[in-house]
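The structure appears below as structure tokens.
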There are 2 protein chains.
Amino acid sequence: MTPKILPLNQLHNGKCGSCARNKLCFGRFLADSNAAEQLDFEISNRILHRGDHIFYSGQEFSSLYMVRSGHVKTVMVTEDGEEQITGFPGPGDSIGADGLAAGQYAVDAIALDTVSICTLHFDHLLRTSTGEEDVQRLLLTLFSEMIFGNEQLLLTLGKLDAQQRMATFLLKQSHAQLRNGCSPVSFTLAMSRADIGNHLNLAVETVSRLLTQFKQRGLIKFNRNDIDWLDIDGLANLSNRREYTLPQMAENLATAQLN
Amino acid sequence: MTPKILPLNQLHNGKCGSCARNKLCFGRFLADSNAAEQLDFEISNRILHRGDHIFYSGQEFSSLYMVRSGHVKTVMVTEDGEEQITGFPGPGDSIGADGLAAGQYAVDAIALDTVSICTLHFDHLLRTSTGEEDVQRLLLTLFSEMIFGNEQLLLTLGKLDAQQRMATFLLKQSHAQLRNGCSPVSFTLAMSRADIGNHLNLAVETVSRLLTQFKQRGLIKFNRNDIDWLDIDGLANLSNRREYTLPQMAENLATAQLN
DNA sequence: CGTTGACTTGAAATTTGTCAAGTTTAGTGG
DNA sequence: CCACTAAACTTGACAAATTTCAAGTCAACG
């Protein structure tokens with residue numbers, strides 16, 4: 001499977017509906033792919049570089065963000081300065097929804113590489129979508145997806161051991177690649193071993209050891225952060241998660257498009 | 001502080017706005033407390049008993065639920081049957097939002113004691129609220145609160161040790177009591193030690209040992225599941241979370257009412 | 001009053017973390 | 001282009017927190 005290269009770095013300002021990426025973005029929640037083109041709220045796009053903040057924890061909530069390309073980490077910080085990476089949003093993922101309830105963002109959102117990101121001013125979005133049942137449902141679906149994702153993560157971190165967590169993580173990255181029309185077996189990890197460890201609640205050393213072990217067992221081929229190949233079925237077997245095997249992944253994508 | 005007893009067991013069917021509980025429920029998200037009385041979507045109420053399911057994981061999504069009284073556990077299950085309790089929703093908490101994105105509930109929701117619960121048929125809710133900007137914002141805020149809550153939980157489970165997790169858990173229960181106008185230092189835990197352990201990713205034995213230890217250190221007085229008193233400041237000190245100290249708790253509630 | 005399930009307590013076992021010491025890589029400046 | 005430095009990563013040995021195992025105790029209920 002060859003990666004499908006889309007014009008990701010091209011900025012898009014204006015209506016969401018006229019954005020080339022929108023079928024992989026908001027569009028993926030809409031039943032009718034033409035409906036995606038009707039989305040008429042304003043978006044503005046900007047490019048960030050490695051280490052740039054999209055927003056800070058504690059900053060006043062104003063907008064939701066959609067990642068168009070690149071990868072981000074969202075970091076929650078305890079009062080005594082300990083950090084927990086809650087996720088690595090990539091293309092088609094949204095950021096910032098956790099800030100609405102309290103009126104301030106709950107995490108730091110930091111670019112891991114060059115990121116193209118859409119800003120959706122929340123008040124504008126809400127005003128524009130008043131009376132638009134489809135858009136309202138879309139927004140709630142977006143939020144629901146985040147709730148579900150966090151619950152899955154709680155399950156992964158709570159009930160799986162180090163090896164299973166690592167396998168699950170790799171499969172999740174692979175699945176995200178597939179969703180974006182890229183190869184699920186060949187891609188680059190945007191985050192460091194330390195970031196992976198923090199996210200999975202494992203020491204950096206454990207992450208390193210597990211990756212080496214997977215390589216030795218022939219489950220994955222990589223150099224540094226470049227993954228050349230991974231055995232999806234083998235990893236799914238380890239992780240106790242069938243949902244990430246290739247036939248299953250294809251099915252998931254198919255049903256997702258029906259919704 | 002004496003517990004404020006509300007007529008919780010009284011069923012309420014009809015408009016949300018005319019429900020006696022609604023200021024502790026949907027109302028707590030609305031700036032103007034009178035606005036809560038204007039909520040005009042239909043609700044239906046029912047009573048469940050210990051062990052009853054509100055819904056099952058995998059069941060088709062149709063409604064959101066609001067707990068009026070009693071306590072619930074939400075359980076996510078892996079393919080190999082391992083269970084993770086993702087939360088213990090109580091009065092004023094919502095359940096079911098994780099089901100919208102995939103069209104089916106992601107967890108089992110099970111009553112821990114006698115529960116009075118409101119059913120909000122989602123399609124009806126959406127239709128009724130189309131054009132009502134306030135209600136749209138309210139629903140999104142409800143979802144946002146769940147996202148934030150899950151992220152906080154990820155931080156708690158990921159970066160705190162057993163003792164801190166236990167302290168944080170007790171403070172969270174205490175805070176929930178306060179929010180519902182009940183005593184934050186005297187209440188009954190609806191869940192078993194095993195449930196607490198599962199939720200906090202600790203063995204039952206560890207939970208038991210920690211509770212005993214807290215009792216010996218004078219941080220908490222309890223018999224079985226009845227908590228007679230707890231040292232909020234002491235526990236907050238252990239848990240590294242100032243947000244649960246009494247002055248802070250009062251402030252949180254105050255600002256929450258302004259929103 | 002005995003049975004059952006929930007809880008408690010102690011001792012041993014194990015996974016994963018911590019510490020320490022390399023090794024490789026990427027970036028920098030001569 | 002090469003040496004130098006800092007950061008990221010790897011690897012091994014040991015330590016520690018928590019789990020597991022085993023054996024009770026307690027309380028509710030028929």
Side-chain angles (χ1 to χ4, degrees), chain A residues 49-51 71 73 82-85 88 110 112-114 156-170 188-217 220-228 238-240, chain B residues 49-51 71 73 82-85 110 112-113 156-170 188-217 220-228 238-240:
Chain A
H49 300 98
R50 182 182 168 78
H71 286 268
K73 65 176 172 183
E82 282 210 277
E83 301 186 345
Q84 172 77 40
I85 297 177
F88 298 107
I110 304 168
L112 290 171
D113 48 18
T114 301
T156 297
L157 298 183
K159 293 295 169 282
L160 303 187
D161 65 21
Q163 175 177 282
Q164 295 175 312
R165 272 180 258 173
M166 193 69 223
T168 302
F169 172 77
L170 289 171
T188 297
L189 293 173
M191 66 296 288
S192 68
R193 304 281 191 278
D195 283 344
I196 297 174
N198 180 301
H199 178 56
L200 297 178
N201 299 149
L202 298 171
V204 197
E205 294 91 332
T206 306
V207 172
S208 181
R209 274 186 258 267
L210 286 169
L211 285 175
T212 305
Q213 187 198 325
F214 285 0
K215 184 189 266 183
Q216 286 168 348
R217 291 165 68 178
I220 179 174
K221 290 177 188 164
F222 68 93
N223 185 280
R224 198 82 171 164
N225 283 16
D226 297 316
I227 293 177
D228 296 319
L238 272 191
S239 77
N240 283 319
Chain B
H49 300 98
R50 182 183 169 75
H71 287 269
K73 66 175 172 184
E82 281 210 277
E83 301 186 343
Q84 173 76 42
I85 297 177
I110 304 168
L112 289 171
D113 48 19
T156 297
L157 298 183
K159 293 294 169 283
L160 303 188
D161 65 21
Q163 175 176 282
Q164 294 175 312
R165 272 180 259 172
M166 193 69 223
T168 303
F169 172 77
L170 290 171
T188 297
L189 293 173
M191 67 295 289
S192 68
R193 305 282 191 278
D195 283 343
I196 297 174
N198 180 301
H199 178 57
L200 296 179
N201 299 150
L202 297 171
V204 198
E205 293 92 330
T206 306
V207 172
S208 181
R209 275 185 257 268
L210 285 169
L211 286 175
T212 306
Q213 188 198 323
F214 285 180
K215 184 189 266 183
Q216 286 167 349
R217 291 165 68 179
I220 179 174
K221 291 178 188 165
F222 69 93
N223 186 281
R224 200 82 170 160
N225 282 16
D226 297 316
I227 293 177
D228 296 317
L238 271 191
S239 77
N240 282 318

Expressed in angstrom and rounded to an integer, what is the separation of [X] atom [atom1] from [N] atom [atom2]?
| X | N | atom1 | atom2 | value |
| --- | --- | --- | --- | --- |
| A/Ile196 | C/dT16 | CD1 | P | 17 Å |
| A/Phe222 | C/dT24 | CZ | P | 15 Å |
| B/Leu211 | C/dA6 | CG | P | 16 Å |
| A/Leu210 | C/dT15 | CG | P | 13 Å |
| A/Leu200 | C/dG17 | CG | P | 10 Å |
| A/Asn198 | C/dG17 | CG | C1' | 14 Å |
| B/Asp226 | C/dC7 | CG | C1' | 14 Å |
| A/Gln213 | C/dT15 | CD | P | 12 Å |

Taking atom [atom1] of [X] and atom [atom2] of [Y], what is their separation to the nearest 0.5 Å?
| X | Y | atom1 | atom2 | answer |
| --- | --- | --- | --- | --- |
| A/Lys221 | A/Asp226 | NZ | CG | 15.0 Å |
| A/Leu202 | A/Arg209 | CG | CZ | 11.0 Å |
| A/Asp228 | A/Asn223 | CG | CG | 7.0 Å |

Over all strands shown, is A/Asn225 touching base, sugar-phosphate only, or nothing at heavy-atom distances under 4.0 angstrom? sugar-phosphate
**Asked** Yes or no on side chain to side chain contact (heavy atoms under 4.5 Å, CB included) for B/Thr206 and B/Leu200, after CA distance, side-chain angles and deciding distance?
**Response** CA-CA 10 Å; B/Thr206 306; B/Leu200 296 179; over 6 Å; no
Is [Y] close to [X] at the side-chain level, that is, under 4.5 Å between some pair of heavy atoms?
| X | Y | result |
| --- | --- | --- |
| B/Leu170 | B/Leu211 | yes |
| A/Gln84 | A/Asn201 | yes |
| A/Gln213 | A/Gln163 | yes |

Heavy-atom donor-acceptor pair, A/Arg165 side chain to A/Leu160 backbone, under 3.5 Å: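 Looks like yes, one N/O pair under 3.5 Å.
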TODO: Decide yes or no on side chain to side chain contact (heavy atoms under 4.5 Å, CB included) for A/Arg224 and A/Leu189, but give the supporting numbers first.
DONE: CA-CA 9 Å; A/Arg224 198 82 171 164; A/Leu189 293 173; over 6 Å; no
Per-nt protein contacts along nucleotides 11-27 of chain D (heavy atom under 4.0 Å; B base, S backbone sugar-phosphate only, - none) come out as BBB----SBBB------
Each base of DNA chain D marked ( ) or [ ] if paired in-strand (Watson-Crick or G-U under 3.5 Å), | if paired to another strand and . if unpaired gives ||||||||||||||||||||||||||||||
